[in-house]
Amino acid sequence: MTTDSRPGGLDDAAADEAARAAGVRVQPVAGHIGAEIGGVDLAAGLDDAQVDAIRRAVQRWKVVFFRGQRLDHAGHVAFARRFGEPVVLRSRGGASPPDFPEIETTADRLELGGKFGMEHEEWLRRRRHTLLRGWHCDHGARIDPPAATILRAETVPPYGGDTTWSNLAAAHAGLSAPVREFVSGLRAEHRLGVGYQPRPGDDAYVRHLLDRQVASVHPLVRVHPETGERLLYVNGYYVEQITDLSRAESRAILDMLLDEATRAEYTVRFRWEPGSVAFWDNRATIHLAPSDNAHLGFPRTMHRVMLAGEVPVGVDGRPSEALTGTEPGRW
Ligand SMILES: [Fe+2]
């Protein structure tokens, strides 16, 4: 990407200067996405200059990584609050800390499959029965998906369990001009559960999904509210259908766009250690949770705080529309 193609909200020189002034080291780790941040102790609290430097690094690199941090739950929430309003979920995984409603804890082996009467392996298989289905942004079927996610590793497997992110601004910029033009006015239905393959007969998860449907129509090209960048707003987990296209047209075009959005050159993969923190822009990225660790049997305990987001807006200025089960600001 050349400097003159940068949208107005992104100023790389100013970001470099902010980091220098704050004593924050920003070390990019891949060509289009991801930077490790050093020189900050998140548990000690951040001054305004450090917050500004980190915010600019997230805008520019989409996901940033901190290693060797000593955050506890209170410190994690306090860190998140410097960047936005933490979301409080109505229901959380059973391993989540009762005293910190902003934190959701995932302990992979114990989680959702069991709740719906499945072994973990079957749960993963049914949720990801096509190759790219695992790619998602967090809560993408909502009318106002979270602006950012801050994920902290407590216990990680000795190998396996990496997370991968992809840069949706780079994916958009990489499309040919005619295809960018074609997709710029389109919209798509995003719905919870579209990638799920039901069990034969009674399926507790299908009943759960029907009980609590969540669906919205989002622009296929979203304008980033802070940077002004155009984002190829697709993912494999929630996107059901491009509005106004036939089923066959929609399927073929979505497959092509998802292939583009997850090209290896737009991605970064992170190897977690205890004390690692990843902070990503949940609007400008999609991520792939690991599926190579469940069979190993090692525990993996992660704590997540999400920051409240806004209703997406397309290139034409039209906002997303809620279809069912979702209202702005209501969790
Ligand atoms: Fe996620």
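Since we're looking at a predicted model, the values are computed, not measured. Both counts, for ligands and for their atoms, begin at 1 and track the order of listing.
With sequence neighbours left out, the ring-ring contact (aromatic ring centres under 6.0 Å, His included) criterion links Phe65 to Trp165, Phe270.
Under 4.0 Å is where a charged nitrogen must lie from a carboxylate oxygen, and between Asp48 and Arg82 at least one such pair does. Note on Arg207 versus Asp202: salt bridge recorded, some NZ/NE/NH1/NH2 to OD/OE distance being below 4.0 Å.
Of the options Arg60, His224, Lys62, a side-chain hydrogen bond (donor to acceptor under 3.5 Å, both in side chains) to Asp281 is made by His224 and by none of the others.
Of all protein atoms, those that are N, O or S and lie under 2.8 Å from the Fe ion (ligand 1) total 3.
Aromatic pair Trp123/Phe116: centroids less than 6.0 angstrom apart. Aromatic rings from Phe66 and Phe279 are positioned such that their centres are separated by 6.0 Å or more.
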